[in-house]
Peer 1: 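Below is a structure I'd like to ask you about.
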2 protein chains.
Amino acid sequence: MTKPERPLRADAARNRRLLLEAAAAEFAERGLDASMADIARRAGVAKGTVFAHFATKEELIVATVGHYFAELTALARRLLDAADSGAALLEFLTVACGNQQQHDLAFLQTVTEGDSEVTRLRNELHESIGALVDRAREAGAVRPDIIGTDIFLLICAPVHAVGFLAKPDPDLWRRYLAIIFDGLRPEGASPLPHPAPTWP
Amino acid sequence: MTKPERPLRADAARNRRLLLEAAAAEFAERGLDASMADIARRAGVAKGTVFAHFATKEELIVATVGHYFAELTALARRLLDAADSGAALLEFLTVACGNQQQHDLAFLQTVTEGDSEVTRLRNELHESIGALVDRAREAGAVRPDIIGTDIFLLICAPVHAVGFLAKPDPDLWRRYLAIIFDGLRPEGASPLPHPAPTWP
DNA sequence: CCAGAACATGACCTCTCGGTCAAGTTGCTA
DNA sequence: TAGCAACTTGACCGAGAGGTCATGTTCTGG
């Protein structure tokens with residue numbers, strides 16, 4: 001359902017893009033309660049047009065979260081070539097958190113469990129992060145008992161933590177990313193009380 | 001609005017307690033979308049009874065999250081007498097996460113911003129955590145650049161991280177609490193890239 | 001440039017939600 | 001135990017949600 005067989009008409013393609021942008025913005029601001037009507041208004045189209053492109057609200061969420069995963073995957077793959085693998089992992093987390101600070105869409109993924117397309121993109125992201133973490137671990141940049149899934153789960157922690165403040169400094173998440181990253185280093189690591197999670 | 005002037009009638013007091021329990025359970029399961037009707041059904045009363053006790057949904061949320069804060073505050077104060085202040089802080093985080101794993105109500109606090117009663121209880125919790133952290137810092141159990149507000153913000157991180165897994169092991173959060181707590185230790189701490197947040 | 005397919009529109013449907021209230025029921029006190 | 005205030009009940013309301021569709025508009029290939 002990602003790419004239609006026949007190419008879209010020019011105006012339809014434009015509207016689809018506007019809708020996805022509006023959806024990302026509305027979901028980030030209002031959470032799951034963002035209404036289809038508001039998304040349509042923000043995109044500058046009528047309500048019916050939204051449903052012409054995405055049959056249900058869930059389908060729109062799927063498209064939005066899919067795009068979100070794909071972006072992170074591309075970032076992770078780009079960083080696989082970096083010379084310093086430890087710095088590459090930190091860079092990945094930093095850019096991912098920065099994205100999330102602007103547009104927090106991570107919560108959407110809980111709604112899309114069961115969708116095959118999202119699952120595929122999610123697995124791709126997981127795999128890319130796994131490769132990034134493996135390199136960092138082999139280089140001794142992170143503790144040996146950490147795996148890719150751990151990082152996958154911890155990506156959102158810094159931004160989420162900051163969210164409990166009413167008017168947080170937009171860069172405060174960097175503080176918590178640094179703390180968590182210190183917890184990932186091999187120096188002074190205490191034994192973990194629970195085995196690594198299995199995927200999925 | 002916490003304590004009524006006149007004591008409640010026996011049946012009313014019982015219903016109020018049942019309602020708060022039902023609300024906590026429903027909010028934890030369904031999030032903010034939990035409906036007043038479902039909460040009423042779960043408590044075994046009619047819908048009108050809910051509104052007889054809590055005039056609006058927000059008022060019910062306020063009562064629920066207030067109770068949540070009060071519990072954590074009591075826990076923090078209890079631990080202030082512990083011999084090992086570092087272990088006491090870890091114990092606080094462990095019990096808090098364990099609570100949250102059963103009943104995740106932390107997200108409710110974002111809705112109740114502006115309510116004076118919740119703000120008071122929230123400040124009390126913040127203060128209690130501050131005392132706990134101060135003791136741990138003076139004992140050299142946590143790095144010197146950490147303050148109580150940091151811990152306040154990080155409480156929910158381990159459970160939240162685990163939430164991205166579809167069917168997570170109910171104890172997996174202990175792994176991420178251990179990682180984050182390692183990041184809080186003085187050994188091998190790197191300089192933090194952002195100053196501590198101000199309260200509130 | 002025009003015919004017709006592709007697309008956009010907004011009034012309309014149904015359903016569920018938070019919230020109200022007159023009428024009935026129950027616990028407490030004198 | 002009688003009587004009244006306190007409490008409960010469930011039918012009801014308006015608002016707003018997701019979703020539909022007949023009609024009107026616009027792009028595009030020939």
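Quick note on labels: first sequence line is chain A, next is B, and so on, each numbered from 1. These numbers were taken from a predicted model, which means no experiment stands behind them.
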Peer 1: If I take atom CZ in residue A/Arg16 and atom C1' in nucleotide C/dA6, what distance separates them, rounded to the nearest angstrom?
Peer 2: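 In whole Å, C/dA6 C1' and A/Arg16 CZ are 15 Å from each other.
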
Peer 1: I'd like to compare against my own output: the B/S/- annotation of nucleotides 9-18 of chain D with a strict under-4.0 Å heavy-atom distance to protein.
Peer 2: BB------SB

Peer 1: Does the side chain of B/His53 get closer than 4.0 angstrom to OP1 or OP2 of D/dC7 through an N or O atom?
Peer 2: no

Peer 1: Scan for salt bridge (charged side-chain N to carboxylate O under 4.0 Å, His left out) pairs involving residues 156-172 of chain B, sequence neighbours excluded, and state none if there are none.
Peer 2: B/Asp171-B/Arg174

Peer 1: Between atom CZ in B/Arg30 and atom C1' in C/dT16, what is the gap in whole Å?
Peer 2: 14 Å

Peer 1: Reading nucleotides 25-30 of chain D from the 5' end, what letters show protein touch, with B for base, S for backbone sugar-phosphate only, - for no heavy atom under 4.0 Å?
Peer 2: -BSS--

Peer 1: Partners of A/Glu29 by side chain to side chain donor-acceptor pair (under 3.5 Å), sequence neighbours excluded?
Peer 2: A/Arg42

Peer 1: Let me know the distance between CD1 of B/Ile39 and C1' of C/dT16, rounded to the nearest Å.
Peer 2: 15 Å

Peer 1: Relative to the 5' end of DNA chain C, which residue comes earlier, B/Glu58 or A/Ala13, by the nucleotide with the nearest heavy atom?
Peer 2: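 Result: A/Ala13.
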
Peer 1: So, using side chain to side chain donor-acceptor pair (under 3.5 Å) as the criterion, who are the partners of A/Glu138 when residues are at least two apart?
Peer 2: none

Peer 1: For B/Asp150 and A/Tyr176, does a side-chain donor sit closer than 3.5 Å to a side-chain acceptor?
Peer 2: yes

Peer 1: State which residues pass side chain to side chain contact (heavy atoms under 4.5 Å, CB included) with A/Ala76; sequence neighbours excluded, sorted by chain then number.
Peer 2: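 Residues passing side chain to side chain contact (heavy atoms under 4.5 Å, CB included) with A/Ala76: A/Phe92, A/Ser128, A/Leu132.
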
Peer 1: How long is the span from the NE2 atom in A/His126 to the CG atom in A/Leu153, to the nearest 0.5 Å?
Peer 2: 7.5 Å

Peer 1: If the threshold is 4.0 Å, N to carboxylate O, is there a salt bridge linking A/Arg77 and A/Glu124?
Peer 2: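 Salt bridge present between A/Arg77 and A/Glu124.
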
Peer 1: Expressed in angstrom and rounded to an integer, what is the separation of A/Leu18 atom CG from C/dA8 atom C1'?
Peer 2: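 Rounding to the nearest Å, CG of A/Leu18 and C1' of C/dA8 are 14 Å apart.
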
Peer 1: Would you say CD of B/Glu113 has more than 12 non-hydrogen atoms from neighbouring residues, nucleotides or ligands within 6.0 angstrom?
Peer 2: yes

